[in-house]
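A short write-up of the structure that comes next.
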Amino acid sequence: PLSGFAEDASLFGLEGQPLQGTPKHIVNSQFGWEGESDRFTVLLGWVDERILQRGSPAGGIPTVFETPGIQLDAVYGVDIVLFGTDASISISGRNLLATRHEEYQLSDATPEGRTEFLTYDRGRSLSAGLTVKF
C-alpha cells in the first residue's frame, strides 16, 4: 500500500510479529477525590512503543514506530455561589510532563540507525473555566 502496488502478503513475514497499532502495554489510571463542593482528578496514561505503519520489505521501506509516552493530566473544580447564582470554576492542566510524541523508522541505511518520521513536542496546556447555572 505504501508503494502503490499490490504486494504478496508472504513478503511481509508477519507470523509471530506484533500487529499494527497494538502495543505490548497500555496503562490508563484515574485517581480522584471529591468533597462537598470541590473535586480533584489526576489522569495518567502510558502507551508502549507500537507499530504505526508496516513497512515494505520488498520496496525497502522500513516500518514506522510510534512512542506516545506518558500523559499526565490534572483537573480541579469547585462549586461556588456567584452573585446569588450557582456556578463552578475549573482549572485543568494537560500533558504536565511535556512528553514528546515520537514517530520514527529504524534502518541500517542511515548512520544514526533512526530516522524521525513525525516527532514533535506536544507541549503543555493549562485552561480555566467558569460555568454558571441559570
Side-chain angles (χ1 to χ4, degrees):
L2 295 174
S3 64
F5 299 102
E7 296 182 42
D8 191 282
S10 64
L11 294 174
F12 289 89
L14 299 177
E15 188 171 328
Q17 297 296 315
L19 296 174
Q20 180 174 317
T22 56
K24 275 189 173 183
H25 306 96
I26 297 177
V27 174
N28 286 311
S29 301
Q30 177 176 334
F31 305 96
W33 173 82
E34 189 166 339
E36 293 275 330
S37 62
D38 60 345
R39 60 218 149 268
F40 179 70
T41 306
V42 175
L43 302 119
L44 176 71
W46 173 70
V47 178
D48 201 3
E49 177 185 83
R50 61 183 165 199
I51 295 172
L52 181 67
Q53 279 181 1
R54 281 265 176 221
S56 171
I61 301 171
T63 296
V64 178
F65 295 94
E66 176 185 32
T67 306
I70 297 173
Q71 175 85 19
L72 180 65
D73 302 336
V75 180
Y76 176 75
V78 61
D79 298 328
I80 61 170
V81 176
L82 186 65
F83 305 114
T85 304
D86 290 337
S88 177
I89 296 174
S90 64
I91 300 170
S92 66
R94 307 284 182 203
N95 194 27
L96 296 174
L97 300 177
T99 303
R100 300 183 78 204
H101 178 85
E102 297 182 357
E103 294 177 14
Y104 54 90
Q105 295 173 308
L106 299 176
S107 171
D108 294 333
T110 62
E112 299 83 26
R114 176 177 161 145
T115 303
E116 299 304 320
F117 187 77
L118 182 61
T119 296
Y120 56 90
D121 290 324
R122 291 186 301 195
R124 293 182 186 104
S125 69
L126 299 173
S127 63
L130 172 66
T131 304
V132 178
K133 300 173 187 169
F134 296 100

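Just so we're clear, the structure is a prediction, and the values are computed from it rather than from any experiment.
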Those residues that, when tested against Glu34, pass side-chain contact (heavy atoms from CB on, under 4.5 Å) (two or more places apart): Arg39
Remaining members of hydrophobic cluster (4.5 Å side-chain criterion), Leu52: Val64, Phe117, Leu118, Tyr120
Which atom of Pro62 lies closest to which atom of Leu106, heavy atoms considered: CB-O, 3.5 Å
Cluster link Val132 to Ile89, ILVMFWY, side chain under 4.5 Å: yes
Show me the donor-acceptor pairs within less than 3.5 Å that the side chains of residues 123-130 make with the rest of the protein, sequence neighbours left out.
| unit_1 | atom_1 | unit_2 | atom_2 | d |
| --- | --- | --- | --- | --- |
| Arg124 | NE | Leu96 | O | 2.8 |
| Ser127 | OG | Ser92 | OG | 2.7 |

Minimum-distance pair of heavy atoms, taken over all atoms of Arg50 and Gly21: CD-O, 3.9 Å
4.5 Å side-chain heavy-atom contact, His101 and Glu66: yes
Non-hydrogen atoms of Leu97 and Ile70 that approach each other most closely: CD1-CG2, 3.7 Å
Test item: Asp86 and Val81 side chains (from C-beta on) under 4.5 Å apart, heavy atoms: yes
Approximate separation, where rounding is to 0.5 Å, of Ile61 CD1 and Gln105 CD: 8.5 Å
Flag side-chain contact, heavy atom, 4.5 Å: Arg122 against Thr99: yes
Side-chain touch Phe40/Val75, heavy atoms, less than 4.5 angstrom: no
Minimum heavy-atom distance Glu102-Thr119, with the two atoms named: CA-OG1, 3.5 Å
Geometric class of the Trp46/His25 ring pair [parallel <30°, tilted 30-60°, perpendicular >60°]: parallel
Considering all heavy atoms, the nearest Leu72-Val42 contact: CD1-CG1, 3.7 Å
Phe134 CZ to Thr85 OG1 distance, which is reported to the nearest 0.5 Å: 7.5 Å
Nearest-0.5 Å distance that lies between atom CD1 in Ile51 and atom CD in Gln20: 7.5 Å
Nearest-0.5 Å distance that lies between atom OG in Ser88 and atom CG in Asp38: 10.0 Å
Gap separating the CD1 atom of Ile26 from the NZ atom of Lys24, nearest 0.5 angstrom: 13.5 Å
